[in-house]
Amino acid sequence: EYDFNRRGPVLNTNTPFYGGSAQWARSLKRRVESLMEHFTKVWYCVSSREYVDAYGQATAVIASLDDYIKKMYTDWKTLLEEDLSGNLDRHLIVQVLVTNCLEGNFSKKLLLLFDEVRLWEKLLFPVPYQALELVAQHDRLRFMKENVMLVVNDFNLVVKNMDKTEKMLFQEKLQVLQKKRAHFSNT
């Protein structure tokens, strides 16, 4: 199973790649350790040559899984080297030109970072300080995202439900809103 899935283990759709892969490898490691523990309790097998061979292979598999987990961690840390705070320096609302609707523009990398940090902390690996700073703002950023999405959804609902005469009546107000949004996009 490890050899077949190590390049891309089967993960849930919401599970981040690096932390999820390490968690998958840890579960395989625990399965092997559990089997070896049960095998060791069978007293008449412990002295056989097959037991020694199986124990040696299990030890090699466990070491390989440990190396895989460490590799996932170092790969994730090198990926973090890029400027994470740059994910915060973006416009939170953008306009879709085709539909004239608004869209939330939160960084998907930042949302994945929160899950990655949670998994690496669960695996008892040290999390880089830069990532911990961003995760400390998780609740504030989540609250901000929810509020922005409420505004976006309400605006889109109003715009979509307006007929032509209503659009003509409110065109001036919509243009003022568009200018205000454009002003904040350019600052």
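Predicted model only: the values in this text are computed from it and were never measured. For the single chain, residues carry numbers from 1 onward in sequence order.
At least one donor-acceptor pair closer than 3.5 Å links the side chain of Thr74 to the backbone N or O of Lys70.
For the pair Gly20 and Thr15, the tightest heavy-atom approach, listed with the atom from each and the gap, is CA-CG2, 3.5 Å. When all heavy atoms of Pro16 and Asp115 are compared, the pair lying nearest together is CG-CB, 3.6 Å. Pairing each heavy atom of Leu123 with each of Gly19, the nearest pair is CD1-O, 4.1 Å.
A search for salt bridge (charged side-chain N to carboxylate O under 4.0 Å, His left out) contacts involving Lys160 returns nothing, not counting sequence neighbours. With sequence neighbours left out, Ala54 forms a side-chain contact (heavy atoms from CB on, under 4.5 Å) with Phe39. Residues forming a side-chain contact (heavy atoms from CB on, under 4.5 Å) with Ser48 (at least two apart in sequence, or on another chain): Glu50, Tyr51. Every residue meeting the side-chain contact (heavy atoms from CB on, under 4.5 Å) condition with Tyr18, not counting sequence neighbours, appears here in chain and number order: Met72, Asp75, Trp76, Leu79, Glu116, Trp120. For Gln171, the side-chain contact (heavy atoms from CB on, under 4.5 Å) partners are Gln175, not counting sequence neighbours. Contacts of Glu172 classified as salt bridge (charged side-chain N to carboxylate O under 4.0 Å, His left out), with partners at least two apart in sequence or in another chain: none. A search for side chain to side chain donor-acceptor pair (under 3.5 Å) contacts involving Gln137 returns Arg140, not counting sequence neighbours. Residues satisfying the side chain to side chain donor-acceptor pair (under 3.5 Å) test with Asp53, not counting sequence neighbours, are none. For Gln57, there are no side chain to side chain donor-acceptor pair (under 3.5 Å) partners, not counting sequence neighbours. Taking Tyr55 as the reference, nothing meets the side chain to side chain donor-acceptor pair (under 3.5 Å) condition, with sequence neighbours excluded.
Sorted pairs that involve residues 141-170 and meet ring pair (Phe, Tyr, Trp, His ring centres under 6.0 Å), not counting sequence neighbours, are lacking altogether. Identified under the side-chain hydrogen bond (donor to acceptor under 3.5 Å, both in side chains) test for residues 143-158, with sequence neighbours left out: Arg142-Glu146.
Cys101 is not listed as a side-chain neighbour of Gln95, based on a closest heavy-atom distance of 4.5 Å or more. Residues Leu132 and Glu121 meet the side-chain proximity criterion, which asks for heavy atoms closer than 4.5 Å. When side chains are defined from C-beta on, Ile93 counts as touching Val152, because their heavy atoms get closer than 4.5 Å. Within the 4.5 Å cutoff, no side-chain heavy atoms of Asn105 are placed close to those of Leu92. With a 4.5 Å cut-off on side-chain heavy atoms, Leu102 and Val159 do not count as touching.
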Would you check, one step at a time, whether the test side-chain contact (heavy atoms from CB on, under 4.5 Å) holds for Gln130 with Leu80?
CA-CA 9 Å; Gln130 186 180 18; Leu80 280 180; 5.6 Å; no

What verdict does the side-chain contact (heavy atoms from CB on, under 4.5 Å) test give for Phe17 and Leu112, after you've listed the backbone C-alpha separation in whole Å, the side-chain angles of each residue and the deciding distance to 0.1 Å?
CA-CA 9 Å; Phe17 178 72; Leu112 277 176; over 6 Å; no

What's the verdict on side-chain contact (heavy atoms from CB on, under 4.5 Å) for Leu110 and Leu141, showing C-alpha distance, side-chain angles and the deciding distance?
CA-CA 10 Å; Leu110 193 60; Leu141 294 172; 4.2 Å; yes

Go through it in stages, so that I can follow the logic: the residues are Leu65 and Arg26, the test is side-chain contact (heavy atoms from CB on, under 4.5 Å), and I'd like the CA-CA distance, side-chain angles, deciding distance and then a yes or no.
CA-CA 7 Å; Leu65 289 169; Arg26 186 179 76 168; over 6 Å; no

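The neighbour count for Arg30 CZ, taken as heavy atoms of other residues, nucleotides or ligands under 6.0 Å away, does not exceed 12. In the displayed structure, Asn14 atom CG is contacted under 6.0 Å by at most 12 heavy atoms of other residues, nucleotides or ligands.
Residues Tyr68 and Val61 are members of one and the same hydrophobic cluster, defined by side-chain heavy-atom contacts under 4.5 angstrom among Ile, Leu, Val, Met, Phe, Trp and Tyr. Note on Val127: it clusters hydrophobically with Tyr73, by side-chain heavy-atom contacts below 4.5 Å among ILVMFWY residues. Put simply, Phe125 and Phe114 are part of the same group of oily side chains (I, L, V, M, F, W, Y) that touch within less than 4.5 Å, one to the next. If you chain together hydrophobic residues whose side chains sit under 4.5 Å apart, Trp24 and Ile62 fall into the same group. Residues Val151 and Met149 are members of separate hydrophobic clusters, defined by side-chain heavy-atom contacts under 4.5 angstrom among Ile, Leu, Val, Met, Phe, Trp and Tyr.
Within the model, atoms NE2 of His138 and CG of Leu113 stand 9.5 Å from one another, a figure rounded to the nearest 0.5 Å.
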